[in-house]
Amino acid sequence: MSETPLLELRGINKSFGAVHVLHDVDFAVWPGQVTALVGDNGAGKSTLVKVVAGIYGADSGESFFEGRPVHVSNPKDASDLGIEVVYQDLALCDNLDIVQNMFLGREKRNGFILDEASMEARARETLASLSVRTVKSVRQSVASLSGGQRQTVAIAKSVLWNSKVVLLDEPTAALGVAQTRQVLDLVRRLADQGLGVVLISHNMNDVLEVADRITALYLGRVAADVAAKDVTHSQVVELITAGRSGDLGITSSGAIA
Amino acid sequence: MTQTSAPEPELADSDFAIDAHQAAGLGEAVQAYRNRIRGGDMGSLPAVLGLAVLFVVFSIASDRFLIALNLANLITQAGAICVLAMGLVPVLLLGDIDLSAGVAGGLSAAITALAIVDHDLNWAVAVAAGVLAGAVMGFVIGLFVAKLGIPSFVVTLAFFLGLQGVILKMIGEGGSVRVADDVIRGITIDNMSVAAGWILAVVLSIGYAAVSLRRHRIQVSRGLQHAPLSVVLIKIAGIAAIAITVTAVLNVNRSRNPNFPIEGIPYVLPLVAVLLVFWTFVFNRTRYGRHVYAVGGNREAARRAGINVDRIRVSVFVICTSMAAVSGIIASSYAGKVSASSGGGNTLLYAVGAAVIGGTSLFGGKGKPSDAVIGGVVIATIANGLGLLNQASWINFVVTGGVLLLAAGVDAVSRRRRSAAGVG
């Protein structure tokens, strides 16, 4: 593990009106590692992701990117730093093909004219570098892809821009067994390329299989931040549901072990 | 980048077929096209087939249909509808509608005609004023739709009613304004010289061939996906054949009076062709066009990709009413006057019908400027053919309405098949 995390949040607080959603949350993403962010519904996972992505501003707390203090106040700041989020609903345009979707909003041009040749070549390179061989053609429309392939395209789109941190919101939630397999392999390959990957998931099998670290949220607090190999399936479930498991997790006084 | 350790998961072959850079040959290309059609992606095929059927039926029913004089008439009749429908395509791409485009075109034509009659302005200035007026109307409509969030149906219905009042005020009850300019009149009544017509046909064919062969060469040399050369050549031959046939027919003397020959291509045809090439370029080859399709396909995805969705929505209404202005001016050229009812009635619905018949989806995200032109020719052919058969105009309404319903039905059914087959 390298010494500085790619992305580090310290003491993040966020409230919506009277509801205190995040309490002093510390969160780190390391290069080359898959960090799983787990927690029950309402634990604050989505809010934390949106703070990282710049969609919500935090009420207090500090952010560091590659050790430098940064201020992310909107989604563009986040993408300029190299932080990309792949949302659960994917947000692909069904009427466009894979290349067009991957370059949407950032099309390459020769003067006024779209540079289709360069875009197609780059898209193919990126898919090949991720060992994606599941699509018949990069010129097929996204509507014709399976759920796993759509997920793959959405993830490949996020790495096309030399991003350093990729956050994946429930990437396997709607997928079958074989497609889940493809996406988890892809998640692993992203980390192997040196990216910091954040995997948000409810599926403990997925988490324990690909994650290097697990950060468990419980009612807006970090219950534990542990190496995946040090915990068992049932311990993670206890952390999610009760906030503690044995000597791990939040003690009754509210301090963190 | 080879992964030595990770063995490929075992999945169906189809899932792991290697990216095919091209269909291997003509046969496979035909097969791929048939699969697309079966999957519900028919494009303008129904319109082309329908047009062929209409031509056969009308040429059997009337010996005055398939003659040069009538075909030239058909083209001048189709001009205004094609241009208006082309303008509607970007609006329909976003899943919106502009019900006011017809009367907006009528108002623009009135402004142009009055600028010439009352203010003695040069035709170019007058046309510019008319088109600018159209663009302003579209801008205002777009602001209501995009910024206030009123459904486009309601906004443009309000403009449809309101603008008719404005035309009435400008022209006066029951009155009309003469189109007092030879250039504007000439759009539909004058013809290019025979030589100019041939030059146009040859330039068009060679230009199309050069562009598509160049693209094919780049795709091959950079190892990108491309259609087989045979398909490219067939398309080039098809375009050239159409251009040359149309020119040959229109270059024949079609006058009944031997002392006054009428020959050559009506100016409206190159005008429509230029607009078609221009908008096809904009929607296929520019970032703006790509963003219009993206907003039509998935507004939320477009917004997240950093596209200014509101600006795109306003811009399509500006394009629509500007094109409506051009269409209105062509219609006034054909009629020789602008009356208080210009652009009203069924003008707009014919144009919407043209776009939909041509293969533009009312659900947004799918459609091309060329769809509008093909659909416009279908609508004009129905009106022209039934007119030759001396049918009462009620039949014209019923048949056109039926064709529109059929086209919208085809659109809805093919959309369902697309989502079932997963082909976009």
Side-chain angles (χ1 to χ4, degrees), chain A residues 75-76 79 85 87 89-97 99-101 103-110 112-114 116-121 124-125 127-146 148-149 154 157 178-179 181-182 184-185 188-189 192-193, chain B residues 1-3 5-6 8-12 14-23 36 39 41 93 215 218-219 221-226 281-282 284-291 293-308 361 364-367 418-419 421-424:
Chain A
K76 189 162 181 309
S79 60
V85 185
Y87 292 96
D89 59 356
L90 300 183
L92 299 170
C93 293
D94 277 354
N95 58 337
L96 301 182
D97 66 31
V99 178
Q100 292 169 344
N101 264 293
F103 281 86
L104 190 60
R106 304 185 251 203
E107 292 85 359
K108 286 176 177 298
R109 288 185 298 180
N110 275 334
F112 262 117
I113 305 172
L114 291 173
E116 296 285 355
S118 302
M119 288 195 278
E120 188 177 328
R124 184 168 286 148
E125 254 171 47
L127 289 168
S129 78
L130 296 171
S131 306
V132 173
R133 264 176 248 120
T134 62
V135 290
K136 284 201 189 85
S137 155
V138 291
R139 284 297 182 188
Q140 79 191 105
S141 103
V142 163
S144 67
L145 301 180
S146 69
Q149 291 171 327
K157 176 182 179 179
Q179 296 182 339
R181 178 80 263 132
Q182 292 172 21
L184 290 182
D185 284 346
R188 194 61 250 170
R189 278 195 290 269
D192 291 345
Q193 290 193 1
Chain B
M1 208 168 280
T2 45
Q3 299 266 315
S5 56
E8 288 301 343
E10 291 186 18
L11 288 174
S14 64
D15 261 5
F16 276 84
I18 302 300
D19 182 7
H21 286 210
Q22 67 164 110
R36 256 176 53 200
D41 184 12
L93 277 177
R215 188 186 326 159
I218 291 174
Q219 285 170 335
S221 70
R222 296 187 59 170
L224 304 178
Q225 187 173 333
H226 56 271
F281 171 80
V282 166
N284 268 342
R285 297 263 158 265
T286 70
R287 179 181 282 183
Y288 170 76
R290 180 64 43 82
H291 289 180
Y293 280 102
V295 173
N298 186 338
R299 194 174 295 169
E300 179 57 21
R303 198 180 60 74
R304 283 193 206 156
I307 295 169
N308 188 334
S361 174
K366 197 169 79 66
R418 277 202 304 281
S419 54
V423 183

Of all the heavy-atom pairs spanning [X] and [Y], show the shortest one and how long it is.
| X | Y | result |
| --- | --- | --- |
| B:R222 | A:A117 | NH1-CB, 3.7 Å |
| A:L114 | B:T286 | CD1-O, 3.4 Å |
| B:Q225 | A:V138 | OE1-N, 4.2 Å |
| A:N95 | B:Y293 | ND2-O, 3.0 Å |
| A:C93 | B:A294 | SG-O, 3.4 Å |

Region of B:R304 in contact with chain A, defined by heavy-atom distances below 4.5 Å: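 Only the side chain of B:R304 comes within 4.5 Å of chain A.
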
Under 4.5 Å from any heavy atom of chain A, what part of B:Y288 do you find: side chain, backbone, both or neither?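 For B:Y288, no heavy atom lies under 4.5 Å from chain A.
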
Measure A:S118 against the heavy atoms of chain B and call it side chain, backbone, both or neither at under 4.5 Å.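 Both the backbone and the side chain of A:S118 come within 4.5 Å of chain B.
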
Heavy-atom contact with chain B under 4.5 Å, split by part of A:L92: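 Only the backbone of A:L92 comes within 4.5 Å of chain B.
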
Mark yes or no for whether A:R124, through its side chain, and B:G223, through its backbone, hold a donor-acceptor pair below 3.5 Å.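 Yes, because the side chain of A:R124 sits within donor-acceptor range (under 3.5 Å) of the backbone of B:G223.
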
As an exercise: rank B:Q219, B:R215, B:R287, B:R285 by heavy-atom pairs under 4.5 Å with chain A and give me the winner.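 Most heavy-atom pairs within the cutoff with chain A belong to B:R287.
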
What I want to find out is whether A:E116 reaches B:R290 closely enough, with some N-O distance under 4.0 Å, to be called a salt bridge.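 Looking at B:R290 together with A:E116, the answer is yes, because their closest N to O distance falls below 4.0 Å.
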
